[in-house]
Amino acid sequence: MGYTAYPDKILYAATGGTGTLQDAINQAQTTKLPLFIAPGNYTTGNLVISAPVRIYATPGMVMLNPLSSTNGFTIDIRSNTPGARISDVTLEGLSFYGGFLPFATQVDTGARYVYGQFIRALGNAAATNFNAIISAYNVDKLRIERCRVSYSGCCGIAVWGSKALIRDCEVHNNRIAAIYSADNYSTEILDNFIHDNDNNSIVVMRSTIGFDGTIVRGNQVAQTSADFGVQSGQVAGSGWYGNGLCALNASDILVTQNVFLNSTFSGVRLDSCFNAQVANNQIYNCGETALMWECPVSSPSGTPGDQNPYRYEGGVVANNVIVNAGVGISVTNGWNGGRRVTITGNHVKTVTRNTITTNDPSYPQYQTTGAGISGESDCVVSGNIVEDCASGPGIVLSPGAASNGSTRKSVDIAVGNTVKGSQIGIAYYHSALGYSLIASNAVEGSSGGAIVAVTLAAPYYSYTRVPGSTDYGTTAGGLYSGKPTANLMIGLNFAM
């Protein structure tokens with residue numbers, strides 16, 4: 001094996017030439033020529049890229065494998081000067097196989113700590129040395145295209161503090177995450193095939209809440225499991241694992257035109273994300289909540305409610321198709337500051353109450369609520385079609401106060417929705433401190449009431465109609481309109 005310098009490129013091949021693959025990378029960086037890797041299978045240890053370079057191969061024709069039988073390898077992209085930035089690095093058409101081997105080195109304790117906040121996995125042996133097959137730090141104009149990254153002992157691709165494009169790659173069978181994006185800006189994760197990853201497929205996060213601007217578009221994401229430290233019949237955690245896309249503290253992100261199939265927990269799960277959009281996605285077969293938007297139950301800052309810096313505000317959930325889930329769409333934890341999300345034009349079908357057995361000691365076993373759409377605190381739920389929530393409500397409004405002692409009251413609205421075949425059609429909280437408006441909805445076949453007050457009882461979180469409460473969908477032949485309580489307005493609805 002070795003490299004040969006030509007006027008227009010550096011060629012690395014299985015025969016001929018001199019030096020290692022690292023020598024070829026160094027030569028390409030020095031001469032500012034692209035590095036072409038000829039077809040073949042190659043073994044390598046850790047590689048370093050520290051200057052602008054393009055490394056490419058014919059897609060599907062080059063495989064890089066670990067040299068060691070005990071440790072995986074990483075291609076580490078960063079400046080040789082600590083804290084400095086590099087730019088214009090391209091990896092194209094390369095395939096990487098990690099053999100599920102652990103990494104000998106850990107990228108840095110800060111990054112590992114933040115990720116541990118997110119997935120609660122720092123003590124797990126699989127994350128002993130948190131790293132990735134492709135790791136990049138402080139890189140501008142990073143392009144990873146038409147690559148295959150598989151069988152990493154930790155992450156497939158991990159990018160910190162960079163502006164990256166990850167496009168048209170296949171990333172599969174990685175232990176912790178397929179693609180991990182941390183503290184980046186305006187990164188694009190586009191048109192990738194991401195499948196059979198063990199605990200999360202795509203992770204977009206920031207160490208503190210702030211603008212992120214990542215676009216996640218056009219990806220096919222399938223078979224995301226949750227298996228950290230589980231015993232037979234369990235899944236790992238109670239929501240931190242098993243998600244097609246997880247986002248934490250990442251504001252102004254756009255998640256659109258993706259297909260999420262067979263996620264153990266959620267297809268899309270957002271935590272403390274301001275002003276994001278989740279639109280035009282297909283989400284199929286989620287064990288828990290297909291699309292979850294939340295903020296921490298207990299604030300990391302110790303500040304409750306609408307002063308909580310880790311809350312979320314603003315968001316769009318639009319035109320998604322969701323089929324088969326334990327909950328369809330949940331915008332929740334409004335009492336801890338989350339608020340102001342529109343939920344419009346979605347199709348939600350076949351939601352059931354699923355029993356989930358976990359290795360999380362706080363939630364060893366629980367059931368999903370079976371709700372089609374649940375919105376809290378200044379949510380507008382409009383123009384959705386919800387069908388076949390046979391063991392729960394089609395739509396739930398929870399307009400509670402934002403926090404303990406807050407004077408702000410929220411308003412939740414359900415207008416122009418169609419709900420068919422649900423146990424309860426549209427539910428509202430009887431003791432809510434905020435205001436609800438329910439108007440111009442069509443509800444068919446709700447055995448437990450068309451528009452009724454409910455309570456939510458632990459530990460299995462079942463929505464139960466308040467005994468003796470009026471069904472405002474059927475009163476006066478389904479033509480009830482009025483303000484039965486100070487915080488509830490019922491317009492004309494059609495109950496069948």
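How far CE of Met205 is from CG of Leu248: 5.0 Å, rounded to the nearest 0.5 Å. Between atom CE of residue Met489 and atom OG1 of residue Thr485 there is a gap of 11.0 Å, rounded to the nearest 0.5 Å. Taking SG of Cys147 as the reference point, atom CZ of Phe96 lies at 5.5 Å (rounded to 0.5 Å). Here OG1 of Thr224 is found 6.5 Å from CG of Asn197. Values are rounded to the nearest 0.5 Å. The distance from atom CD1 of Ile215 to atom CD of Gln257, rounded to the nearest 0.5 Å, is 11.0 Å. One distance of note links OG of Ser330 with CD of Glu294; it measures 8.0 Å at 0.5 Å rounding.
Salt-bridge check for Lys349 with Asp388: passed, with a basic side-chain N closer than 4.0 Å to an acidic carboxylate O. In this structure, Arg175 pairs ionically with Asp198, as a charged nitrogen and a carboxylate oxygen lie closer than 4.0 Å. A salt bridge links Glu288 with Arg269: the closest approach of a Lys/Arg side-chain nitrogen to an acidic carboxylate oxygen falls below 4.0 angstrom.
Judged purely by atom type and a 3.5 angstrom limit, Asp412 uses its side chain to pair as donor or acceptor with the backbone of Ser377. In terms of modelled atom types and a separation under 3.5 Å, the side chain of Asn280 and the main chain of Thr256 share no donor-acceptor contact. Side chain of Asn243 to main chain of Leu245: no donor-acceptor pair is present (N/O by atom type, distance under 3.5 Å, no hydrogens or angles). Remark: the backbone N or O of Val466 is paired with a side-chain donor or acceptor of Ser469 at under 3.5 angstrom. Looking only at distances, a side-chain donor or acceptor of Ser266 sits under 3.5 Å from a matching main-chain atom of Thr289. Within the 3.5 Å criterion, the main-chain N or O of Cys273 finds a donor-acceptor partner in the side chain of Trp293. Counting only distance, with no hydrogens or angles, the side chain of Thr368 and the backbone of Gly326 share a donor-acceptor pair below 3.5 Å. Between the side chain of Ser398 and the main chain of Glu376, no donor-acceptor pair closer than 3.5 Å is present. Put simply, the side chain of Asp183 gets close to the backbone of Ser207: a donor and an acceptor are under 3.5 Å apart. In this structure a side-chain-to-backbone donor-acceptor pair under 3.5 Å is present from Ser152 to Cys154.
Looking at heavy atoms from C-beta onward, Leu291 lies in side-chain contact with Val317 at the 4.5 angstrom threshold. Side-chain contact between Asn281 and Phe260: present, with at least one pair of heavy atoms (C-beta onward) separated by less than 4.5 Å. Side-chain contact check for Leu437 versus Val411: every heavy-atom pair is 4.5 Å or farther apart. With contacts defined as side-chain heavy-atom distances shorter than 4.5 Å, the pair Ile322/Ile329 qualifies. Side-chain contact between Gln367 and Ile356 is absent, with no heavy atoms from C-beta onward closer than 4.5 Å. Under the 4.5 Å side-chain criterion, counting only non-hydrogen atoms from C-beta, Asn174 is not in contact with Phe100. Inter-residue side-chain proximity for Ile194 and Ile179 is flagged as met; some heavy-atom pair is nearer than 4.5 Å. Contact annotation: the side chain of Ile133 never approaches that of Ile157 to less than 4.5 Å [non-hydrogen atoms, C-beta and beyond].
Taking each heavy atom of Gly153 and Phe103 in turn, the nearest pair found is N-CE1, 4.3 Å. Nearest approach of Val386 to Cys389, heavy atoms of both residues: CG1-SG, 3.6 Å. A pairwise comparison of heavy atoms in Tyr472 and Pro484 identifies OH-CB, 3.1 Å as the closest pair. Across Gly267 and Cys286, no two heavy atoms sit closer than the pair N-SG, 3.4 Å. Summarising the geometry of Ala290 relative to Ile283, their closest heavy-atom pair is CB-CG2, 3.8 Å, with the distance given to 0.1 Å. Considering every non-hydrogen atom in both Gly229 and Asn359, the closest pair reads O-ND2, 3.2 Å.
Listed by chain and number, the residues in a side chain to side chain contact (heavy atoms under 4.5 Å, CB included) with Thr214 are Ser181, Thr187, Ile189, Val204, Asp212, Val216, Ile253 (sequence neighbours excluded). Remark: Arg465 engages no residue in a salt bridge (Lys or Arg N to Asp or Glu O under 4.0 Å) (not counting sequence neighbours).
Between the side chains of Tyr185 and Asp140, at least one donor-acceptor pair of N or O atoms lies under 3.5 Å. Defined by atom type and a distance below 3.5 Å, a donor-acceptor pair is missing between the side-chain atoms of Tyr363 and Gln365. One side chain, Asp227 or Asn199, offers a donor N or O that lies under 3.5 Å from an acceptor on the other. A side-chain donor-acceptor contact under 3.5 Å links Asn219 and Asn192.
For Trp160 and Tyr180, the ring centers are positioned less than 6.0 Å apart. In summary, the aromatic rings of Tyr97 and Tyr151 are positioned with their centroids under 6.0 Å apart. Taking the six-membered ring for Trp and the full ring otherwise, His172 and Phe193 have centroids separated by 6.0 Å or more.
Sequence neighbours left out, the pairs with a member in residues 441-451 that pass side-chain hydrogen bond (donor to acceptor under 3.5 Å, both in side chains) are Asn417-Asn441, Lys420-Glu444, Asn441-Asn493.
The 12-atom threshold is exceeded at CZ of Arg340, counting heavy atoms of other residues, nucleotides or ligands nearer than 6.0 Å.
The only option from Val278, Val381, Val331 that meets the side-chain contact (heavy atoms from CB on, under 4.5 Å) definition with Val341 turns out to be Val331.
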